Amino acid sequence: MSTIIAFVSQKGGVGKSTLARALAREAAFGGFKTKIADLDTQQGTSVDWHRTRLGAGIEPVVAAEAFATAQQALKVAAEYDLLIIDGPARTSKGTLAIAKVAHLVVQPSGASVDDLRPAVREFHALVNEGIAKDKLTFALNRIGTPAEEAEARAYIAEAGYVALNGCLLERPAYRKAQNTGHAVTETSYAGLNAKADALIQALIDKVEDHGRSDEAETAELARRAAAAG
Amino acid sequence: MADLTKLKRRSSLGAPPPLAEASPNLDAPETAPPLESTVPPVRRMAVVQPTAARVGEEVPRRDGRSARRSGRTLQFATRVSPEFDSRLRSIAERDRKLLVEVLEDALEAYEHSRQTQAAR
């Protein structure tokens, strides 16, 4: 069974494609058959980046393809070890469809209340539709200072959600790397790469944790069924 | 010095929205509706006064196609022989008239001729 990780947001420019690419790069580097499903057909940010990367001959090759709807993207999931959904800059019925099947739904956000407040509302909407809270996670992006990160993290916790450990700092080097087809884990600066790598690792660990809780829940249900029978 | 790490600072971000303030966006259709700006606007064409502005112009062939759409005129197309076309355009050129003005004059002359014949 393939793993599906979705990056969603009602806003553009929060870091969906940035994190989707970095995760895809690390997964491809680790030998996983990976695909980025770019659902933003109007902008095609990840598809364009894929083309730039191919043109520059950067290894590993990270596959990206545009899909008009979530359903189309999910149809190809079985062909990959990891399907990364890079959502459009809006939420809709499609977001709910994605959240229902994804193993992890990541919503990147900046540290301003203008970014955080609507982002919390989007996760509230998913929770109201029955999506388990433990597969919803924030990823902090474009962070300026440790104090800013701490405050954003506290805000998210107070809202009842978690933010992945680590964050992406506001650095021109990240933009520069992506302009040339690289991921944020492939900049010219080892420190920035390590920071980005830690965030992606936290994301992967979160998927693993969620998978474990799913297994535990299944085992518990089986135990109860056996006891009742 | 006292260890203040256990004390929480006042947040400048305020309280997050409660669950009741969930976004309504999940009801939105997955495919975004087209932007209104993609629909070409209806252009209202300027009305020009053809004869007054064109009398002094040095235009070798004037066929009236440059007349702006205003609702005052409509398309009138027919097939004619090359000789008729050449004759009509030559007259229009010579008299510095639009093709339609020559045709209007011709129609007037025809009606007048009919009336004259009928009066005889």
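Keep in mind that this is a model prediction, so the values were computed, not measured. Here is how names work: the chains are called A, B, and so on, in the same order as the sequence lines, proteins then strands, and each is numbered from 1.
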Got a second to check how far [X]'s [atom1] is from [Y]'s [atom2], nearest 0.5 Å?
| X | Y | atom1 | atom2 | value |
| --- | --- | --- | --- | --- |
| A/R90 | B/N25 | CZ | CG | 8.0 Å |
| A/R121 | B/E21 | CZ | CD | 5.0 Å |
| B/L26 | A/K93 | CG | NZ | 10.5 Å |
| B/L19 | A/N128 | CG | CG | 4.5 Å |

Result block: side-chain N/O donor-acceptor pairs under 3.5 angstrom for residues 62-75 of chain A, not counting sequence neighbours:
unit_1, atom_1, unit_2, atom_2, d
A/E65, OE1, A/K35, NZ, 2.7
A/T69, OG1, A/Q72, N, 3.3
A/Q72, OE1, A/A68, N, 3.1

Which portion of B/P18 sits near chain A, non-hydrogen atoms under 4.5 angstrom = backbone
inquiry  = Please classify the contact between B/A20 and chain A as side chain, backbone, both or neither, with a heavy-atom cut-off of under 4.5 Å.
reply    = neither
Looking at [X], I'd like to know if its [atom1] atom is crowded, meaning that more than 12 non-hydrogen atoms belonging to other residues, nucleotides or ligands lie closer than 6.0 Å.
| X | atom1 | value |
| --- | --- | --- |
| A/R153 | CZ | yes |
| B/R114 | CZ | no |
| A/R175 | CZ | yes |

Nearest heavy-atom neighbours spanning [X] and [Y]:
| X | Y | value |
| --- | --- | --- |
| A/A125 | B/A22 | N-CB, 3.5 Å |
| A/H124 | B/P17 | NE2-O, 2.8 Å |
| A/E151 | B/S12 | OE2-N, 2.6 Å |
| B/A28 | A/S92 | O-CB, 3.3 Å |
| A/G94 | B/E30 | CA-CD, 3.6 Å |

query = Given a strict heavy-atom distance threshold of 4.5 Å, which part of A/L126 is in contact with chain B: side chain, backbone, both, or neither?
reply = both
note = Note: vs chain B, highest number of non-hydrogen pairs under 4.5 angstrom among A/V113, A/T91, A/L39 is A/T91
